[in-house]
Amino acid sequence: MKALVVIFLFVVVYAKHEQYEGWKSYYIGPKTQEQLQAIGSLAEEFELDVLAYANLEREGVVLVKPEYQDGFIKALEERDFAYKIHSADVKQSLEYDDIAIENRRKENLARNGRELPYDNYQELEVIEDYLRHVASRYADKATLVSGADSFEGRPIYYLKISTTNFEDTSKPVIFIDAGIHAREWISPPTVTWAIHKLLEDVTEPDLLERFDWILIPVVNPDGYKFTFTDTRFWRKTRSIDQNVTCPGVDGNRNYDFYWNTVGTSNNSCADTFAGSRPFSEIETRVVDSLLNEYLDRIALYLTMHSYGSMILYSWGHNGTLSDNAINLHIVGIAMAEEILVHSLPHFPTYLVGNAVLVIGYAASGASEDYAHSIGIPLAYTYELPGLSGGLNGFHLDPRYIEQVSRETWEGIAVGARIAGDLFVKK
Ligand SMILES: *[C@@H]1O[C@H](CO)[C@@H](O)[C@H](O)[C@H]1NC(C)=O
Ligand SMILES: *[C@@H]1O[C@H](CO)[C@@H](O)[C@H](O)[C@H]1NC(C)=O
Ligand SMILES: *[C@@H]1O[C@H](CO)[C@@H](O)[C@H](O)[C@H]1NC(C)=O
Ligand SMILES: [Zn+2]
């Protein structure tokens with residue numbers, strides 16, 4: 001009986017990632033600024049999917065479709081790039097990921113009797129059940145709100161956490177979102193872990209006394225769902241626009257700040273399609289409306305992405321430093337140093353800096369730039385750690401999810417306190 005179940009599971013898993021037959025992924029290590037900058041045009045020419053940004057000190061990871069393998073390798077060799085294979089068989093690596101997730105699920109159920117949003121890569125329903133659970137269990141402090149329905153009609157939930165029901169307007173607000181990029185599965189757990197630390201396992205009561213919190217674990221529920229049911233590497237929303245060919249918009253190119261000017265695509269089938277207009281997506285409009293509602297109180301805005309172990313700040317569309325660059329850098333470094341203290345020896349250390357200076361190319365319409373442009377003094381994009389911990393899997397092994405969530409929380413806590421000290425109410 002047991003053998004049958006295992007075989008059945010394997011067949012299901014096998015059929016699921018069929019679309020990645022023949023795909024490979026590569027580490028690429030730029031040695032010069034020119035090589036770093038060339039990655040953007042290589043990405044366009046070979047329709048690469050950039051999964052981790054490269055840096056002069058660190059390799060990036062790109063996903064390459066079967067039809068471009070030869071051309072891509074030739075181009076790398078012509079340009080004298082250092083590269084090596086990351087996964088020679090992406091489809092199979094994803095199957096190993098699924099097995100690791102399933103094993104983890106069984107272990108967690110055996111140990112806790114229930115599934116938690118930060119102990120594994122979880123289906124949307126597990127995350128939503130958790131939000132409903134904490135909102136009812138801690139009703140005096142937490143309010144669960146749906147900002148709107150997503151394009152496909154799912155609630156875009158956020159949790160407001162406050163000891164005064166947001167009525168003490170002298171308190172600064174800390175705003176964190178995750179999951180705008182559907183496939184970046186390590187990002188939602190860092191936000192549900194923050195919820196856990198603010199409500200269930202309170203070891204830093206000052207963070208709730210001093211601040212109000214707005215936390216959005218999954219900005220893009222349609223895309224997130226789709227990565228579980230259909231396409232593991234789906235990044236965008238799932239909106240359908242009659243005027244264009246393909247569904248979905250890159251939410252982190254859709255904000256109204258130098259919209260669609262650089263690092264974006266006009267091709268709706270591309271992963272960085274900026275949309276037909278700024279804020280074309282209900283998912284980004286929900287974030288925008290919350291940012292504006294609490295604009296004069298938001299001391300710190302974080303948007304969680306993966307991967308690369310980087311903390312990036314404005315301006316990401318042109319590489320110029322903002323007027324608040326010194327504080328952005330000081331707080332960024334403080335968060336990174338605290339994460340380092342709580343990290344594991346084999347995790348990469350965080351790089352902190354202006355987005356263009358760190359990753360070598362510019363992109364417009366990102367939420368961190370937008371938030372900063374409307375007046376939020378400290379706004380960052382986190383690229384969370386994503387090393388593949390297992391021998392064969394593609395993504396961060398699920399057994400490290402809680403570690404990443406824990407260390408990230410330590411960074412958030414330090415960032416919030418300094419942001420609070422620096423905050424001057426408008
Ligand atoms: C499609 O294009 C037409 C004409 O430019 C425009 O009026 C309409 O609003 C567009 N539809 C969407 C969904 O953007
Ligand atoms: C997109 O198309 C518009 C209008 O044709 C053009 O001005 C813009 O430069 C294009 N953007 C990109 C990133 O190619
Ligand atoms: C880059 O954008 C910022 C924000 O809009 C602006 O203040 C700065 O002057 C721009 N830099 C350049 C070189 O255009
Ligand atoms: Zn992302």
Side-chain angles (χ1 to χ4, degrees), residues 40-41 43-45 49-53 60-63 176-188 190-191 216-220 223-224 227 232-237 243-245 248-278 280-281 283-284 287 302-325 328 354-359 361-377 379-386 395-396:
S41 51
E44 237 168 84
E45 187 177 350
D49 210 333
V50 179
L51 296 178
Y53 296 117
V61 174
V62 296
L63 190 59
I176 312 176
D177 69 43
I180 182 68
H181 284 154
R183 65 191 181 196
E184 296 169 6
W185 284 2
I186 186 58
S187 106
T190 61
V191 175
I216 322 183
V218 187
V219 174
N220 173 15
Y224 189 73
T227 58
R232 176 63 187 90
F233 289 108
W234 188 261
R235 164 177 162 110
K236 301 187 287 180
T237 61
N243 294 341
V244 302
T245 314
V249 166
D250 183 341
N252 208 33
R253 302 287 183 273
N254 189 238
Y255 284 77
D256 191 5
F257 184 66
Y258 290 87
W259 175 80
N260 202 21
T261 53
V262 58
T264 55
S265 175
N266 276 327
N267 172 4
S268 66
C269 304
D271 258 331
T272 52
F273 178 50
S276 57
R277 57 185 185 280
S280 59
E281 304 308 284
E283 293 79 7
T284 54
V287 177
L302 305 177
T303 183
M304 298 301 186
H305 290 254
S306 70
Y307 68 90
S309 302
M310 295 167 179
I311 295 177
L312 307 173
Y313 56 78
S314 292
W315 300 110
H317 72 100
N318 69 5
T320 300
L321 294 179
S322 97
D323 293 343
N324 202 33
L328 280 166
N354 170 277
V356 181
L357 300 182
V358 174
I359 66 176
Y361 57 91
S364 61
S367 68
E368 145 238 313
D369 262 5
Y370 175 75
H372 196 49
S373 78
I374 61 175
I376 292 170
Y380 300 91
T381 301
Y382 265 65
E383 294 288 347
L384 296 161
H395 293 94
L396 178 79

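In listed order, ligands and their atoms are each counted from 1. Remember, predicted model here, so these are calculated numbers, not experimental data.
- Atoms of ligand 3 lying under 4.0 Å from any heavy atom of H317, numbered from 1 in the order shown and given with element: 1 (C), 2 (O), 3 (C), 4 (C), 5 (O).
- Here Y361 contributes atom OH and S41 contributes atom OG; the two are 10.0 Å apart, rounded to the nearest 0.5 Å.
- Atom 9 (O) of ligand 3 lies below 4.0 Å from none of the non-hydrogen atoms of the protein.
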| task | Would you check, one step at a time, whether the test side chain to side chain donor-acceptor pair (under 3.5 Å) holds for D250 with T272? | result | CA-CA 5 Å; D250 183 341; T272 52; 5.5 Å; no
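- The T264 neighbourhood of ligand 2 comprises atoms 13 (C), with distances under 4.0 Å to a heavy atom of that residue.
- In summary, the aromatic rings of Y255 and Y370 are positioned with their centroids under 6.0 Å apart.
- Checked against the 6.0 Å centroid criterion, the rings of Y382 and H305 do not qualify as a close aromatic pair.
- Atom 13 (C) of ligand 3 has its closest protein heavy atom at T320 OG1, 3.4 Å.
- Per-atom contact check: atom 2 (O) of ligand 2 touches the protein, criterion being a heavy-atom distance below 4.0 Å.
- Ring centers of Y258 and W315: at least 6.0 Å apart, outside the cut-off.
- Checking each of E184, R183, R232 against H395 for a side chain to side chain contact (heavy atoms under 4.5 Å, CB included) leaves exactly one that passes, namely R232.
- Atom 5 (O) of ligand 3 has Y258 OH, 3.2 Å as its closest protein atom, hydrogens excluded (heavy atom only).
- The N266 neighbourhood of ligand 2 comprises atoms 1 (C), 2 (O), 3 (C), 8 (C), 10 (C), 11 (N), 12 (C), 14 (O), with distances under 4.0 Å to a heavy atom of that residue.
- In this structure, the side chains of S322 and H372 come closer than 4.5 Å at one or more pairs of heavy atoms.
- Distance check for E184 against the Zn ion (ligand 4): an N/O/S atom falls below 2.8 Å.
- Here the heavy atom of the protein found nearest to atom 14 (O) of ligand 3 is N318 ND2, 3.7 Å.
- Closest to the Zn ion (ligand 4) among the N, O or S atoms of H305 is ND1.
- With respect to atom 7 (O) of ligand 3, the closest heavy atom belonging to the protein is W315 NE1, 4.4 Å.
- Counting only heavy atoms from C-beta outward, the side chains of V62 and L51 never approach each other to under 4.5 Å.
- Per residue H181, closest N, O or S atom to the Zn ion (ligand 4): atom name ND1.
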